[in-house]
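Remarks on the structure that follows.
Numbers restart at 1 for each chain; the letters A, B, ... are given by sequence-line order, proteins then strands.
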Protein chains: 2
Amino acid sequence: MDFSGDGQLFLSTTINGIDAKGRVSVPAGFRAVVKNDPEEKIYVWPSFEGGYLEGGGQALLDRYLALLEEMDPYDDARAAFEQTIFGDTRGLAFDGTGRVTLPKDLIELAGLDGKAAFVGLGSRFEIWNPDRLAERKASARSFARDNKKSLKLPPRPGGGA
Amino acid sequence: MDFSGDGQLFLSTTINGIDAKGRVSVPAGFRAVVKNDPEEKIYVWPSFEGGYLEGGGQALLDRYLALLEEMDPYDDARAAFEQTIFGDTRGLAFDGTGRVTLPKDLIELAGLDGKAAFVGLGSRFEIWNPDRLAERKASARSFARDNKKSLKLPPRPGGGA
DNA sequence: TGGGATAACATGGGATTTCATGGGAAACAA
DNA sequence: TTGTTTCCCATGAAATCCCATGTTATCCCA
């Protein structure tokens, strides 16, 4: 698949506050990614593992949709994915200053308590309780360090280094 | 002869100052490499080992993204790399005079104190505290000296020495 | 091949804009 | 009405833009 067209990726980790109304500022860089979507929204759903949220823009939903269309209509996995991804997905619109209101059930599901960490992962992002994220990050980092040799870059299109 | 501006590769080492706002001039040759990217930015993240930063242009990011997209969606390794690479990567745009602002946490992570050494490595580059870089260079050199017997050039096609 | 003119580069500081966040009014639902 | 959600404005902090300046590299012409 080719992503060089949009060139806009969810990147970096930002921690923002959640106020009493459940409002949280979406990092400006993330907003820029969905800036030109037909509906200027982000879409958020509970992760499979639980404990945090996943999200993305319209482009990501379209890709998931295309993926499911290719699966057998009576595949159990398809039904499960449909149920989990689309059934629990919320489209969240921005207010005038770039915030969204996270539904209470999602806040509880992710254990968010006044703070939310937005983690950019390229074509999608995750929303974590910052403390939980720190734990996972530590283990992810040591894993990546130990296995970095398995992450071998493919040759550049033009050849060379 | 100067290759640093050929618009293809990050080359040579340049030391520039970091001012009180965290701003640092990106070497002109490095800027030329990303000149025609859709987003004229450099992308910087902490190295796996820590102690210095890695960076590149949109092209490098796309290569990492393509690599990760090929992995199993719920492979632990994929999650770890995604988290470590994209979760900590910052896209840095140039100001009118070719500078970027390094985030404070990256400055601390790399131990940068008023100076930053940009080390060109072809398709990517590294950012070091100049003193640390000198140390690493020294140890790399002695390592190479101790192991020089393993560096045996293959014979030239035409024979000769 | 000088040597001055010109352009490119790195750097400094102040002004301006963007961003995240808080509070309250207005619209809506139960 | 009462609680909830959406919209609008205010504010402080931080990031970004803009202009000025010294310095180095490059060009051009005699």
Could you state the [atom1]-[atom2] distance from [X] to [N], rounded to the nearest angstrom?
| X | N | atom1 | atom2 | value |
| --- | --- | --- | --- | --- |
| A/F94 | C/dT18 | CZ | C1' | 16 Å |
| B/R31 | C/dA8 | CZ | C1' | 9 Å |
| B/D19 | C/dC9 | CG | P | 19 Å |
| A/I18 | C/dA20 | CD1 | P | 14 Å |
| A/F118 | C/dT21 | CZ | C1' | 14 Å |
| B/D105 | D/dA15 | CG | C1' | 14 Å |
| B/F30 | C/dC9 | CZ | C1' | 15 Å |
| B/I15 | D/dT24 | CD1 | P | 16 Å |

| task | When you get a sec, tell me which of D/dT6, C/dT11, C/dA20 is the closest nucleotide to the side chain of B/S25? | result |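 Given the options D/dT6, C/dT11, C/dA20, the side chain of B/S25 is closest to C/dT11.
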| field | Residue B/T97, side-chain atoms from C-beta onward, closest of C/dT11, C/dG22, C/dT21 | value |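 It is C/dT11.
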| message | Within the supplied structure, the quantity of interest is the number of heavy atoms (other residues, nucleotides, ligands) at a distance under 6.0 Å from B/D95 CG; does it exceed 12? | response |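 More than 12 within 6.0 Å, yes.
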| message | If you count heavy atoms of other groups shown closer than 6.0 angstrom to CG of B/D72, is the number above 12? | response |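 Yes, enclosed.
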| said: If the test is side chain to side chain contact (heavy atoms under 4.5 Å, CB included), which one of B/I127, B/V119, B/I15 qualifies with B/L133? | reply: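 One option only clears the test, and that one is B/V119.
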| request: Flag the pair A/F81 / A/F48 as yes when their ring centroid distance falls below 6.0 Å, and as no otherwise. | output: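 Yes; A/F48 has its ring centre under 6.0 Å from that of A/F81.
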| task | Examine D/dC18: is either OP1 or OP2 under 4.0 Å from a nitrogen or oxygen in the side chain of B/R99? Give yes or no. | result |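 B/R99 to D/dC18 OP1/OP2: no side-chain N or O under 4.0 Å.
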| request: Tell me whether the OP1 or OP2 atom of D/dC8 has a side-chain N or O from A/R23 closer than 4.0 Å. | output: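 Looking at the OP1 and OP2 atoms of D/dC8, neither is under 4.0 Å from any side-chain N or O of A/R23.
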Give [X] one of three labels, base, sugar-phosphate or nothing, depending on what nucleic acid heavy atoms sit under 4.0 Å from its own.
| X | result |
| --- | --- |
| B/G96 | nothing |
| A/D95 | nothing |
| B/V24 | nothing |
| A/V100 | nothing |

| request: Kindly indicate whether a cation-pi arrangement holds for A/R124 with A/Y64, taking the cut-offs as under 6.0 Å to the six-membered ring centre and within 45° of the axis. | output: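 A/R124 over A/Y64 ring: no.
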| field | Nearest-nucleotide 5' precedence on DNA chain C, A/K21 against A/N16 | value |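 Whichever sits nearer the 5' end wins; that is A/N16.
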